[in-house]
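Presented below is the structure to which this report refers.
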Amino acid sequence: MPPPAPQHPYPPPGGPRQHSRLLRFIALAALASIILAVLAIIIIWASVQPRKLKYSMEHASISGYNLTNDVLNANFHFVLRANNPNKRVSLYYDRIDVSVLYEDQILSVGNLAPFYQPRRNVTHLDIHLAAKNQKIYGAVARDLRVDRASGDADLDVKIRAKIRLKIGVFKIHRKLKVLCESLRAPFSSSRGFQRVPCDVDVD
Ligand SMILES: *[C@@H]1O[C@H](CO)[C@@H](O)[C@H](O)[C@H]1NC(C)=O
Ligand SMILES: *[C@@H]1O[C@H](CO)[C@@H](O)[C@H](O)[C@H]1NC(C)=O
């Protein structure tokens, strides 16, 4: 009779080997669920296919202009067209900061009331800003006087907004930058204004 095969001594249940197996299983399960979540987000994003938000300046004008001793007082009126062409994405504008510049010098800053823009929606935003005793430096003041005599001034409008994109139940925070450059803003409302498309950056 051959002697009985030596029995392998199994570690007692709950011993160190089983413990590390359990840890490995938990780690693999966690990794798998992270990969699944990332895949789900990519699939949702791809199926939604957000289209670019579009902005253009439809109106710009300057009134109440007074430049005395290089100190400017003036009122600015703009109408910004905001177009959300998306079928499945709506937008919350939570904070909107606007500045008006002339030759890179800030003439006026202000902000707009927060609002919600539904899907496939075009909204026209009235923007009223004013330069109040704004100091204008040297050559810039001279150029502004020349523009005043010609009837309109080349203004830039910069908009920075905190937005949330709403896709189904998801809300994604983003920063929106809109730059409307070289707006030929007339000093008299009887002169026309040529609409200008704006540059958009979302990140
Ligand atoms: C322009 O501003 C100056 C200085 O503030 C003031 O003396 C003058 O009356 C103003 N002109 C007009 C047309 O409002
Ligand atoms: C866009 O949304 C605003 C705010 O909800 C609404 O007042 C306006 O009528 C909508 N415009 C269009 C063209 O759907």
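Indexing begins at 1, ligand by ligand and atom by atom, following the structure's order.
Here CG of Leu125 is found 6.0 Å from CD1 of Ile127. Values are rounded to the nearest 0.5 Å.
Shortest contact from atom 5 (O) of ligand 1 to any protein heavy atom: Asn66 ND2, 4.7 Å. Among protein heavy atoms, the minimum distance from atom 9 (O) of ligand 2 is reached at Asn121 ND2, 4.7 Å.
For Arg145, the CZ atom counts as densely surrounded, since its 6.0 Å shell holds more than 12 non-hydrogen atoms of other residues, nucleotides or ligands.
Residue Arg120 has no N or O atom closer than 3.5 Å to an N or O atom of ligand 2.
Atom 14 (O) of ligand 2 is flagged as protein-proximal [any protein heavy atom, distance under 4.0 Å]. Checking atom 7 (O) of ligand 2 against the protein gives no heavy-atom contact under 4.0 Å. Shown here, atom 11 (N) of ligand 1 is in close reach of the protein: a heavy atom of it lies under 4.0 Å off.
Taking a cutoff of 4.0 Å between a charged side-chain nitrogen and a carboxylate oxygen, Lys162 and Asp94 do not qualify as a salt bridge.
Aromatic ring orientation, Tyr93 versus Tyr55: perpendicular (interplanar angle above 60°, classes split at 30° and 60°).
Using modelled atom types, one finds a donor on one side chain and an acceptor on the other under 3.5 Å when comparing Thr123 with Asn121.
Listed by number with element, the atoms of ligand 2 under 4.0 angstrom from any heavy atom of Pro118 are 2 (O), 5 (O).
A pairwise comparison of heavy atoms in Asp154 and Tyr102 identifies O-CD1, 3.3 Å as the closest pair.
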